[in-house]
Amino acid sequence: MRLLLATPDSEMLGLMRSLLAAALELVPLEVSAEAVADQEALLRRARLHSDDVILLDWRLAGGASPELVRAIFAVDPRARVVALLPDRPRQYRQRIWDAGACSSIPAERLDQEWLSSALCIMSRAIAREAQAAGTARDAW
């Protein structure tokens with residue numbers, strides 16, 4: 001799985017990398033991770049379809065994060081976005097879901113257990129999507 005860590009904050013990036021390493025000790029997944037620190041770089045990568053999952057820190061776009069998620073899907077409809085949200089206010093959960101994100105969690109609650117579960121779910125979904133696409137092609 002190709003994971004993109006999208007955050008403008010170097011401390012959060014360090015935390016993401018540390019939690020990813022811990023999460024990968026819990027589940028047998030092969031994950032390669034890259035990072036971007038701004039919206040332009042994120043959208044450039046989305047246009048290349050180079051990532052399977054994007055772990056998006058809310059601080060990259062703040063209140064405009066739902067619009068950023070929509071922009072990601074406009075250039076890569078198969079993207080899978082997992083959003084790290086502010087703990088408050090709660091209405092951001094609904095807005096990010098409505099924009100198309102697969103999952104979200106308040107950044108303050110991110111831990112290796114949650115991340116390993118999210119990565120496992122994404123990995124299974126990716127495998128099943130590929131299997132379904134192969135089956136659909138075989139039907140033609």
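Index from 1, following the sequence.
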Please list, chain by chain and in numerical order, all residues satisfying side-chain contact (heavy atoms from CB on, under 4.5 Å) with D9, sequence neighbours excluded.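 Once residues adjacent in sequence are excluded, the partners of D9 under the side-chain contact (heavy atoms from CB on, under 4.5 Å) criterion are T7, E11, M12, R59.
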
Determine yes or no for a side-chain-to-main-chain donor-acceptor pair under 3.5 angstrom, with S116 supplying the side chain and Q112 the backbone. yes

Main-chain N/O of R2 paired to D52 side chain as donor or acceptor, under 3.5 Å: yes

Please lay out, stage by stage, how M1 and M122 fare under the test side chain to side chain contact (heavy atoms under 4.5 Å, CB included). CA-CA 9 Å; M1 177 188 322; M122 293 294 139; 4.3 Å; yes

Tell me which donor-acceptor pairs under 3.5 Å the side chains of residues 18-29 have, and how far apart each pair is, sequence neighbours excluded?
none

Going hydrophobic residue to hydrophobic residue with side-chain gaps under 4.5 angstrom, can you get from [X] over to [Y]?
{"X": "L119", "Y": "V82", "result": "yes"}
{"X": "L85", "Y": "L60", "result": "yes"}
{"X": "V53", "Y": "W114", "result": "yes"}
{"X": "I96", "Y": "F73", "result": "yes"}
{"X": "V31", "Y": "L13", "result": "yes"}

From the list V81, V36, L55, side chain to side chain contact (heavy atoms under 4.5 Å, CB included) partner of L4 resolves to V36

I need the [X] [atom1] to [Y] [atom2] distance, nearest 0.5 Å.
{"X": "L56", "Y": "L5", "atom1": "CG", "atom2": "CG", "value": "11.0 Å"}
{"X": "C102", "Y": "I54", "atom1": "SG", "atom2": "CD1", "value": "9.5 Å"}
{"X": "S104", "Y": "R95", "atom1": "OG", "atom2": "CZ", "value": "12.5 Å"}
{"X": "L115", "Y": "M16", "atom1": "CG", "atom2": "CE", "value": "9.0 Å"}

Between H49 and V75, is any pair of side-chain heavy atoms under 4.5 Å apart? no

Report, as yes or no, whether the 6.0 Å neighbourhood of atom CH2 on W97 holds more than 12 heavy atoms from other residues, nucleotides or ligands.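 No, the 6.0 Å shell around CH2 holds no more than 12 heavy atoms from other groups.
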
As a test of understanding, state which of R124, R80, R78 forms a salt bridge (Lys or Arg N to Asp or Glu O under 4.0 Å) with E129.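 Single salt bridge (Lys or Arg N to Asp or Glu O under 4.0 Å) partner of E129 among R124, R80, R78: R80.
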
Cut-off 3.5 Å, no hydrogens considered: what does the side-chain donor-acceptor table look like for residues 61-72, sequence neighbours left out?
residue : atom : partner : partner atom : Å
S65     : OG   : W58     : O            : 3.2
S65     : OG   : G62     : O            : 2.8

Non-neighbouring partners of R109 that pass salt bridge (charged side-chain N to carboxylate O under 4.0 Å, His left out), sequence neighbours left out: D87

Tell me, which pairs form a ring pair (Phe, Tyr, Trp, His ring centres under 6.0 Å) where one or both residues lie in residues 15-35, sequence neighbours left out? none

Does anything in residues 31-51 form a salt bridge (Lys or Arg N to Asp or Glu O under 4.0 Å)? List the pairs, not counting sequence neighbours. R45-D51

